[in-house]
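For reference, the structure discussed in these notes is given below.
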Amino acid sequence: MKPHNLVPVTALVLGLILLTGCGSSSDNAKVTPQPQPPASKGFQALIDETVGEDIPGLILRVEGPGTDFLGAAGLADIQNVQPMQVYHQMPTGSAGKKATALLVAMLHLEGLLNIDSLISIWLPESILDNIPYSDQITIRQLLNHTAGIHDYLDEDTSAEWFESGIDSIGQLKTDIDALQFIYNKPAYFAPGEGVKYSNSGYLLVGLILDAVLGEHHHNALRNRVLIPLGLNDTYYSGLENELGSSISGYILEDGEMVNTKAFYESVGVADAPLVSTVSDLTSLLRAILTNESAVTDEMRDILIGQESIVNTPYGFDFGLGLFKEIINGGVVYHHGGDEAGYKISNLYSVDTDTAITLFANCNGYNACIQKADALMQQLLVKVLL
């Protein structure tokens with residue numbers, strides 16, 4: 001299949017993009033492994049056998065007691081036949097929400113903001129007047145999806161967002177640009193009266209962080225999170241592109257692979273802020289969930305403590321930037337990411353002290369999704385059962 005550039009784009013491409021959505025979660029379906037015989041093949045063999053026509057490339061990190069695997073397979077760039085490498089970077093979608101939430105927790109503990117304060121303290125009327133219930137919403141509710149705010153990646157608004165983004169590739173779009181697509185959209189429910197995943201909440205958090213800090217929050221994210229945690233191969237998409245380079249990501253249009261890389265290089269939003277590697281994303285997840293980093297117990301409690309965790313109808317609980325699920329009697333935290341052309345899984349098992357991070361440089365079409373999900377099921381069986 002011959003790859004080509006993202007522009008011009010057809011209605012079919014937009015439809016494929018809408019299947020994934022910038023910043024949407026790849027974990028909205030339960031990650032529980034299906035009963036099957038334990039995987040007997042090694043990790044490298046599994047990814048080698050998965051790549052091909054439907055999945056250009058994969059990068060896998062599995063880290064735990066007695067396990068330390070880092071491997072890649074397939075292609076990072078189809079047109080240039082560039083092999084995938086373990087150090088390659090790509091947009092991590094909603095898997096980056098945990099970094100945004102962690103920054104909020106840090107600022108809360110420093111007294112620069114209060115996570116339970118109303119958002120109306122920090123945001124101007126030009127925004128608040130266009131958000132239903134804006135006088136009742138707290139920052140914590142934005143982060144654990146109990147605010148009821150319309151998701152800009154919902155099916156009635158996402159097409160316009162992507163069309164606008166495609167038409168303006170090369171021009172940076174930030175939180176305020178994405179937020180405008182939900183102005184005056186009805187709320188899903190009154191704040192605190194329900195739970196529904198909404199990327200828009202994190203857009204508002206990004207704008208609140210900017211107001212608190214007096215500058216765009218990517219600087220604080222770097223200085224307070226990325227540098228202290230040693231995430232040297234991670235950068236804020238759109239605002240720090242000079243610090244790295246994403247690999248290509250692909251969707252399928254009329255039998256041809258379409259490269260979406262340019263679209264995401266022009267977007268920098270707090271609901272999907274990071275371009276990273278499997279190693280750095282694994283380190284970030286471990287840093288939040290274990291006592292092996294600069295993340296304190298107080299920060300951790302804000303993210304996944306009882307005041308933040310909420311029950312959901314999805315089969316797992318929502319924390320701040322993380323999901324909590326019981327798998328085979330053990331506690332697992334996870335939050336992946338789906339972008340048009342990029343699919344990310346990021347999971348940590350508390351009982352086995354094992355993390356799994358999987359990158360695929362494809363998304364938005366069934367063959368990629370099904371094969372990547374099947375591979376993740378095999379990995380879960382191999383690691384958790």
Side-chain angles (χ1 to χ4, degrees), residues 25 27 61-65 68 92-116 139-140 142-145 202 205-206 208-209 212-213 217-236 240 270-310 316-325 330-337 344-357:
S25 167
D27 294 312
R61 179 84 168 113
V62 183
E63 181 187 74
D68 188 6
T92 62
S94 283
K97 279 185 170 72
K98 60 180 73 71
T100 300
L102 178 57
L103 178 58
V104 171
M106 291 176 172
L107 298 181
H108 171 83
L109 292 172
E110 292 178 23
L112 295 179
L113 59 77
N114 187 321
I115 198 168
D116 292 310
I139 298 173
R140 192 191 302 269
L142 296 177
L143 292 169
N144 66 11
H145 306 286
Y202 279 72
V205 169
I208 290 169
L209 288 170
V212 171
L213 297 164
H217 59 273
H218 76 278
N219 290 317
L221 192 69
R222 170 153 302 280
N223 293 327
R224 296 171 183 260
V225 177
L226 302 185
I227 291 176
L229 297 183
L231 307 181
N232 300 320
D233 296 314
T234 300
Y235 63 93
Y236 201 113
E240 295 183 325
D271 64 305
L274 303 181
V275 179
S276 190
T277 63
V278 292
S279 294
D280 268 13
L281 199 60
T282 298
S283 295
L284 174 60
L285 188 60
R286 276 193 170 275
I288 291 173
L289 296 172
T290 69
N291 294 312
E292 302 169 0
S293 75
V295 177
T296 66
D297 288 339
E298 291 81 6
M299 296 174 193
R300 192 170 298 114
D301 187 62
I302 292 172
L303 299 183
I304 56 173
Q306 288 305 308
E307 290 189 46
S308 294
I309 290 283
V310 294
F316 46 83
D317 299 333
F318 286 176
L320 307 189
L322 284 167
F323 303 146
K324 179 182 179 182
E325 184 172 353
V331 176
V332 172
Y333 291 95
H334 57 95
H335 202 317
I344 301 92
S345 295
N346 188 216
L347 174 149
Y348 175 75
S349 166
V350 174
D351 290 19
T352 64
D353 187 30
T354 301
I356 304 173
T357 304

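Since we're looking at a predicted model, the values are computed, not measured.
The side-chain contact (heavy atoms from CB on, under 4.5 Å) test with L320 is passed by exactly one of I115, I288, I139: I115. When each of N346, T357, D68, T277 is paired with R61, the side-chain hydrogen bond (donor to acceptor under 3.5 Å, both in side chains) condition holds for D68 and for no other. Residue Y348 forms a side-chain hydrogen bond (donor to acceptor under 3.5 Å, both in side chains) with just one option from D353, T282, T354, and that option is D353.
Between Y236 and H217 the shortest heavy-atom distance is OH-NE2, 2.8 Å. Taking both residues in full, the closest heavy atoms of V331 and D351 are given as N-OD1, 3.8 Å, listed atom of the first, atom of the second, then distance. For the pair P273 and T100, the tightest heavy-atom approach, listed with the atom from each and the gap, is CG-OG1, 3.7 Å. Scanning all heavy atoms of the two residues, the minimum distance from L213 to A220 falls at CD1-CB, 3.5 Å. When every heavy atom of S293 is checked against every heavy atom of A287, the shortest pair comes out as OG-O, 3.0 Å. When all heavy atoms are compared, the tightest approach of A95 to K98 is O-NZ, 2.6 Å.
In this structure a side-chain-to-backbone donor-acceptor pair under 3.5 Å is present from Y202 to G321. Looking at S308, its side chain never comes within 3.5 Å of a backbone N or O of I304 through a donor-acceptor pair. Between the R286 side chain and the E63 main chain, a donor and an acceptor come within less than 3.5 Å of each other. Distance alone, capped at 3.5 Å, is enough to place a donor-acceptor pair between the T92 side chain and the L274 backbone. No donor-acceptor distance shorter than 3.5 angstrom exists from the side chain of R222 to the backbone of I227, with no hydrogens or angles considered. Side chain of D317 to main chain of I309: no donor-acceptor pair is present (N/O by atom type, distance under 3.5 Å, no hydrogens or angles).
Under the 4.5 Å side-chain criterion, counting only non-hydrogen atoms from C-beta, D301 is not in contact with D297. The shortest distance between side-chain heavy atoms of S283 and L231 falls below 4.5 Å. By the 4.5 Å heavy-atom criterion applied to side chains, L289 and V350 are not counted as neighbours. Two residues are said to be in side-chain contact when any heavy atoms from C-beta on lie closer than 4.5 Å; E110 and R224 meet this criterion.
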Between D280 and T234, is a side-chain hydrogen bond (donor to acceptor under 3.5 Å, both in side chains) present by the stated rule, with each step listed? CA-CA 7 Å; D280 268 13; T234 300; 2.8 Å; yes
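Annotation: Q306, atom CD; neighbour count of heavy atoms from other residues, nucleotides and ligands within 6.0 Å does not exceed 12.
Between F323 and F318, a ring centre-to-centre spacing shorter than 6.0 Å is recorded.
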